[in-house]
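This report concerns only the one structure given below.
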Amino acid sequence: MEKKRILLIDDDELITMSLEMIISAEPEFEIIGKGCSGREAVALFDELQPDLLLMDIRMEDMNGLEAAEEILSKHKDATILFLTTFSDDEYIVKALKLGVKGYLLKQDYKSLPAALHAAINGQSVFGGAVVDKLPTLMSSINNENGFDYRKYDISEKEYEVIQLVAEGFSNKEISQKLFLSEGTVRNYLSTILEKLNLRDRTQLAIFYLKHA
């Protein structure tokens, strides 16, 4: 089995050592490089072309968000997963808009191997504390120039459903707000997920936030 190649970037040496132990314990992963700043992340990504970049956000020289933006501008398919202590709303929104694969908090380190697997396989990965914030983040975003739903073959009514899902409303609440039956809302949601090639409500909310 060919090992998946991981690039690890964190400015805390003890954290780096701990993460290296956790990741190296998984036989399918191989750490091919380490760095301690966003600028190193950019240079090492260009040089090593890893399968996944696991990176902190707050670092000197260049932070993780700036590094991710530069990397994704050159490597559109780069798989980047943030692992940070900070769950600041501004960071989360910026990270999702950049198109990274996930945002985990360091206290969720036990779920890291599963998150690496999921991200490498193309899934979006977010810690529970981050997912809990999504409805609040959605409702606070100014969407006047936002998501051009028509280019995804989404109807106006389907777009209304997407907005309400993103704001955390249940099918029953959506049915009441849009004067539809719950069955019709479920049908709308199923059609929307199929059109956007998404698996569930959480992925739909994240998709909306990225494009808002």
Heavy-atom neighbours of [X] [atom1] exceed 12 at 6.0 Å:
X      : atom1 : value
Lys195 : NZ    : yes
Glu13  : CD    : no
Asn197 : CG    : no

For a 4.5 angstrom cut-off between non-hydrogen side-chain atoms, does [X] reach [Y]?
X      : Y      : value
Glu69  : Ser73  : no
Leu112 : Ile23  : yes
Leu178 : Leu164 : yes
Leu44  : Glu47  : yes
Leu196 : Ile192 : yes
Leu204 : Asp200 : no
Asp51  : Ile6   : no
Asp46  : His75  : yes

Are [X] and [Y] joined in one hydrophobic group, where the rule is that I, L, V, M, F, W and Y side chains link up if heavy atoms are under 4.5 Å apart?
X      : Y      : value
Leu65  : Leu53  : yes
Leu72  : Ile120 : no
Val165 : Phe169 : yes
Leu104 : Phe126 : no
Val125 : Leu96  : no

Measure across [X] and [Y] and return the closest heavy-atom pair with its distance rounded to 0.1 Å.
X      : Y      : value
Ala78  : Ile71  : CB-CG2, 3.9 Å
Thr79  : Ala119 : CG2-O, 3.6 Å
Glu158 : Asp153 : OE1-O, 3.9 Å
Glu70  : Val42  : OE2-CG1, 3.4 Å
Asp108 : Ser111 : O-OG, 2.8 Å
Ile31  : Ser24  : CD1-OG, 4.1 Å

Checklist entry - Should Ile9 and Phe45 be marked as a side-chain contact (heavy atoms from CB on, under 4.5 Å) after you check the CA-CA gap, both sets of side-chain angles, and the distance that decides it? => result CA-CA 10 Å; Ile9 303 293; Phe45 196 99; over 6 Å; no
Any chance you could measure [X], atom [atom1], to [Y], atom [atom2], to the nearest 0.5 Å?
X      : Y      : atom1 : atom2 : result
Asn187 : Glu182 : CG    : CD    : 12.0 Å
Glu194 : Ser190 : CD    : OG    : 6.5 Å
Lys101 : Leu54  : NZ    : CG    : 15.5 Å
Leu48  : Ile32  : CG    : CD1   : 4.5 Å
Ile80  : Met55  : CD1   : CE    : 5.0 Å
Gln163 : Ile174 : CD    : CD1   : 11.0 Å

Checklist entry - Looking at Asp56, Asp11, Leu8, which hits side chain to side chain contact (heavy atoms under 4.5 Å, CB included) with Thr16? => result Leu8
Next on the checklist: Could you go through Lys172 and Gln176, starting from their C-alpha distance and side-chain angles, then the distance that decides it, and tell me whether this counts as side-chain contact (heavy atoms from CB on, under 4.5 Å)?
Outcome noted: CA-CA 6 Å; Lys172 182 176 181 180; Gln176 293 169 346; 3.8 Å; yes
Where the side chain of [X] meets the backbone of [Y], is there a donor-acceptor pair that is under 3.5 Å apart?
X     : Y     : value
Asp61 : Ser37 : no
Arg5  : Gln49 : yes
Ser18 : Leu14 : yes
Glu66 : Met62 : no

Next on the checklist: Strictly below 4.0 Å, N to O, side chains only: are Lys94 and Asp89 in salt-bridge contact?
Outcome noted: no
Checklist entry - Less than 4.0 Å between a side-chain N and a carboxylate O, is that true for Asp10 and Lys106? => result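 So Lys106 pairs with Asp10 through a salt bridge.
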Next on the checklist: Can a side-chain donor-acceptor contact be found between Asn171 and Arg201 if the only test is distance below 3.5 angstrom?
Outcome noted: yes
Next on the checklist: Looking at Phe29, I'd like to know if the NZ or CZ of Lys3 sits under 6.0 Å from its six-membered ring centre while staying within 45 degrees of the ring's axis.
Outcome noted: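 Judged by the rule (NZ or CZ under 6.0 Å from the ring centre, within 45° of its axis), Lys3 is not positioned above Phe29.
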Aromatic ring pairing [X]/[Y], orientation class (parallel under 30°, perpendicular over 60°, tilted between):
X      : Y      : result
Tyr103 : Phe82  : perpendicular
Tyr208 : Tyr159 : tilted
Phe86  : Tyr91  : perpendicular

Next on the checklist: Listing request: all salt bridge (Lys or Arg N to Asp or Glu O under 4.0 Å) pairs with a residue in residues 28-38, at least two apart in sequence or in separate chains.
Outcome noted: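 Matches after skipping sequence neighbours: Glu20-Lys34.
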Checklist entry - Given the rule in the side-chain contact (heavy atoms from CB on, under 4.5 Å) test, do Met59 and Arg39 qualify, once you have shown the distances and angles that lead to the verdict? => result CA-CA 10 Å; Met59 297 180 290; Arg39 204 161 297 284; over 6 Å; no
Next on the checklist: I'd like to know whether Arg199 forms a side-chain contact (heavy atoms from CB on, under 4.5 Å) with Leu193, so could you lay out the CA-CA distance, the side-chain angles of the two residues, the decisive distance to 0.1 Å, and finally the verdict.
Outcome noted: CA-CA 6 Å; Arg199 287 184 296 111; Leu193 292 175; over 6 Å; no
